[in-house]
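The structure appears right after this line, and notes come after that.
Note on naming: letters A, B, ... go to the chains in the order of the sequence lines (proteins, then strands), and numbering restarts at 1 for each one.
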Amino acid sequence: MARVVIDPITRIEGHLKIEVEVANGKVTNAWSSSTLFRGIEMMLQGRDPRDAYLFTQRACGVCTYIHGLASIRSVDAAVGVKVPDNARIIRNLLHGAQYLHDHMVHFYHLHALDWVDIVSALKADAKKAADLDASVSPTSPKSGVNDFKAVQARLKKFVESGQLGPFANGYWGHPAYKLPPEVNLIAVSHYLDALRQQARTARMHAIFGGKNPHLQSLVVGGVTCATDLNPSRIAEFKYLWKETMDFVNNVYIPDVLAVAGFYKDWGKIGGNSNFLVYGDFPQTEKEPDSFLFPRGAIFNKKFTAVEPVDLGQIAEHIKHSWYEGDAKGLNPANGETKPSFDKYDTAGRYSWMKSPRYKNEPMEVGPLARVLVAYGKGQPQTRKMVDAVLKKLAIPPEALFSTLGRVAARAIETKIIGESMEAWMNQLVENIKKGDLNICGDWQMPAEGMGAGLNDVPRGALGHWINIKDGKIGNYQMVVPSTWNLGPRDSADKPGPVENALIGTPVADPKRPVEILRTVHSFDPCIACGVHVIDPKTNEVYKFKVV
Amino acid sequence: MNQGKSLEKRLERKGISRRDFMKYCTILTATMGLPSSFVAKVANAIAAAPRPPVVWLALAECTGCAESLLRTMYPWIDELVLDIISLDYHETIMAPSGAAAEKSLHDTVTKNAGKFILIVDGAVPTAQDGAWGTVGGKTMLQSIKEIAPKALATICVGTCSSYGGLPAAAPNPSGAKSVGEVTGIKTVNIPGCPPNPINLVGTVVNYLLFGKLPDLDEKGRPLFAYGKTIHDQCPRRSHFENGEFVTNFNSEEARKGYCLYQVGCKGPETYNNCPTVKWNDGTSWPVQAGHPCIGCSEPNFWDKFTPFYKSS
């Protein structure tokens with residue numbers, strides 16, 4: 001039995017270390033450790049609640065915007081402001097754009113190199129690659145034989161320069177890579193195309209958000225982009241949306257299906273049993289009933305029996321985290337949880353993340369959770385897409401509970417959210433036509449107030465809670481998707497979702513553990529988001545009014 | 001000149017016309033404040049071979065600065081990484097993890113000692129001797145102290161590595177400090193939360209062009225980007241002069257694009273080029289989106305400029 005440490009895990013946001021125990025070529029045990037602490041909640045104490053979104057947005061620059069949105073929603077709730085329809089729509093459009101951007105970048109730039117062997121692409125027959133690309137995606141742009149020849153020539157020149165930059169010391173030639181050279185060439189070509197597409201897609205954020213990363217047009221009660229509510233700006237947004245959707249439909253989705261076809265065995269690896277979704281994308285002011293992605297919890301893979309979510313059942317544990325306090329977690333005692341590093345010890349404390357649990361169980365959050373809950377609740381677009389993907393890949397529904405299922409779910413929801421955005425743009429135009437230019441509601445800062453902002457963001461269920469005292473931030477808390485997915489063991493020593501999912505993963509060569517990266521990356525870890533200090537009055541927090 | 005021609009050929013093969021290539025050289029040249037006669041020189045400088053080795057270290061950060069670099073369009077990020085520089089270590093995009101990633105770092109720092117450009121995002125946590133931030137089992141404090149002195153130059157990207165930034169906001173739980181403070185090295189600072197990628201790329205190109213880093217102000221910022229205040233370049237400036245102010249974000253004044261000073265705009269105290277280069281291919285910038293500037297490229301702005309919506 002050998003211990004393997006992977007530190008740093010690259011192609012993620014933030015600083016993550018994974019340690020596994022390997023026996024007979026398979027992972028038998030795993031530990032997930034986040035290795036950086038900043039303490040944003042501590043900085044927020046005593047500050048102006050209106051400023052919280054600008055601070056918390058800096059939790060993460062990859063999932064930019066979403067902590068800003070979660071924060072603004074929590075303050076909206078605390079001050080009791082009615083957010084105008086236009087602001088709801090613009091916030092949804094910005095959120096939708098974030099999904100499109102984030103999932104595309106994740107697949108091509110953070111995840112693909114676990115499945116795609118760049119060096120093998122040099123051996124591809126460009127003509128065969130072009131024929132293959134035309135067969136999997138008849139409307140794919142830049143898919144002629146000359147396009148693939150050009151990519152190959154560029155790659156060759158790069159490799160021959162001897163300066164391999166970020167691709168040096170990759171796991172090229174590893175037996176776990178299964179794609180034929182032509183598929184590798186198509187994927188490398190689209191890796192490069194996606195690098196440019198993501199920059200153009202991010203322009204959608206700049207239109208109503210001023211800039212990307214770290215948008216700057218939200219305010220408590222609405223948005224500020226008054227001068228951008230005009231036909232030319234909306235048309236510009238629509239053009240970029242269309243360009244992005246063309247890429248999603250003609251490149252991203254066909255690529256996921258093509259690559260998945262060679263890795264069907266990963267439909268049996270890397271799964272979890274329990275899932276939690278807060279839901280998001282309010283279609284009217286009625287929340288959570290009008291959410292595009294509904295709220296719900298699934299236990300023991302029973303996605304046909306989605307349970308309602310009881311927020312009082314969420315608890316956080318710190319037995320294995322670097323904080324002072326009761327090892328049993330859930331401590332309602334007075335005083336603050338204080339960060340306190342002693343040493344990295346997988347038998348003791350080993351992470352800056354805490355372990356959130358729902359009904360005492362670890363819960364996976366994110367694309368797979370959302371797709372399973374939406375499917376279980378009969379959401380029509382999800383039903384249609386999931387059934388089509390299962391049929392295309394000729395895999396049973398159980399294969400969704402896996403690393404492969406996670407990758408597929410991310411692509412599925414990208415398409416569903418993207419397609420929904422068109423109606424939102426049209427609603428915005430209709431409102432403006434009627435003369436409705438309202439973008440921000442009126443409100444007064446209360447002396448006291450509490451509010452929660454519950455969201456479902458690209459990486460999963462995200463909650464921000466604020467407690468206002470004397471018009472200032474009395475307490476602020478964030479429980480974040482990557483904390484759910486990548487947190488350490490809990491008080492009962494039950495592993496977190498990533499730790500659990502890694503068990504059983506094959507490892508052909510412990511020195512080149514590309515298979516482990518596949519499952520870890522399938523969660524799209526965002527570690528800066530995940531590390532938070534939280535007041536141990538955990539029970540009290542969830543009594544907050546929920547929007 | 002031959003190198004320039006070969007780059008053009010390479011670009012042509014990728015469907016990049018000479019016109020596109022010259023367009024990004026022109027935009028870069030203008031951002032760097034160079035006369036237009038330099039456009040051709042910029043074009044040649046970014047075609048140099050071998051490509052200069054670059055190491056990017058991510059410390060106490062949010063990856064927003066790395067994401068911002070990915071949005072570069074003049075040149076595009078694939079051109080920057082494949083054709084212009086050799087990005088030998090960057091955790092967000094590099095293929096290998098763990099020991100193999102560590103090897104990439106070790107190899108380039110050893111082989112290119114005194115020759116590589118070090119780019120750093122994120123502040124340095126110093127609490128408990130730096131134990132609150134580690135990579136590969138080493139504290140960030142230890143790594144930056146070891147690696148920065150070996151670099152040809154250290155460029156701090158973002159307000160965190162430049163001045164401490166967000167992690168250093170009161171009460172600075174992790175004892176976060178700037179790279180300059182912990183290493184004693186005079187760093188080139190490209191502040192902003194995040195900075196506009198054109199300012200980082202302009203700095204690198206300046207180096208390729210002149211063999212030296214650009215002229216800096218007393219806070220280590222390149223003058224070509226940070227030489228004037230937001231206020232002095234602001235298209236809403238005339239409203240300030242005329243006393244036409246936004247006081248409510250849902251008002252006629254907001255729709256008319258009046259001055260945001262009374263809702264807290266920090267433009268008068270903030271040095272940056274947002275109003276002229278704008279963001280994301282010139283699409284917008286915060287004031288155009290109706291939001292006050294928060295002064296994100298100034299040292300200590302999280303404490304000095306808050307509450308943000310209060311007029312100073």
In residues 284-294 of chain B, what donor-acceptor pairs under 3.5 Å come from side-chain atoms, sequence neighbours left out?
residue, atom, partner, partner atom, Å
B:Gln288, OE1, B:Lys278, NZ, 3.0
B:His291, NE2, B:Tyr309, OH, 2.8

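Of the residues considered (A:Ile516, A:Leu437, A:Leu110, A:Thr64), A:Leu437 shows the highest number of contacts with chain B, using heavy-atom pairs under 4.5 Å. Annotation: maximal heavy-atom pairing with chain A below 4.5 Å, among B:Gly98, B:Cys62, B:Gly64, occurs at B:Cys62.
A:Asn169 contributes no side-chain N or O that, together with a main-chain N or O of B:Ala101, makes up a donor-acceptor pair within less than 3.5 Å. Remark: side-chain polar atoms of A:Arg11 are paired, donor with acceptor, to backbone N or O of B:Met94 under 3.5 angstrom. Judged by distance alone, with hydrogens and angles left aside, the side-chain atoms of B:Arg51 form a donor-acceptor pair with the main-chain N or O of A:Gln163 at under 3.5 Å.
Using a cut-off of 4.0 Å between Lys/Arg side-chain N and Asp/Glu carboxylate O, B:Glu79 and A:Arg196 are scored as salt-bridged. In this structure, A:Arg47 pairs ionically with B:Asp303, as a charged nitrogen and a carboxylate oxygen lie closer than 4.0 Å. Using a 4.0 Å cut-off between charged side-chain N and carboxylate O, A:Arg154 and B:Asp83 make a salt bridge.
Within the 4.5 angstrom heavy-atom criterion, atoms from both the backbone and the side chain of A:Phe55 approach chain B. Of the two parts of A:Ser217, the backbone and the side chain both hold a non-hydrogen atom closer than 4.5 Å to a non-hydrogen atom of chain B. When heavy atoms are compared at a cutoff of 4.5 Å, B:Asp107 approaches chain A solely by way of its side chain, counted from C-beta outward.
Contacts between residues 124-134 of chain B and chain A, counted as heavy-atom pairs separated by less than 4.5 Å, involve B:Pro125, B:Gln128, B:Ala131, B:Trp132, B:Gly133, B:Thr134.
Around NZ of B:Lys103, the count of heavy atoms belonging to other residues, nucleotides or ligands within 6.0 Å does not exceed 12.
With rounding to the nearest 0.5 angstrom, the CG atom of B:Asn280 is 11.0 Å from the OG1 atom of A:Thr201. Atoms CG and CZ, on B:Asp281 and A:Arg200 in that order, are 10.0 Å from each other to the nearest 0.5 Å. With rounding to the nearest 0.5 Å, the separation of CH2 in B:Trp76 from CG in A:Leu195 is 10.0 Å.
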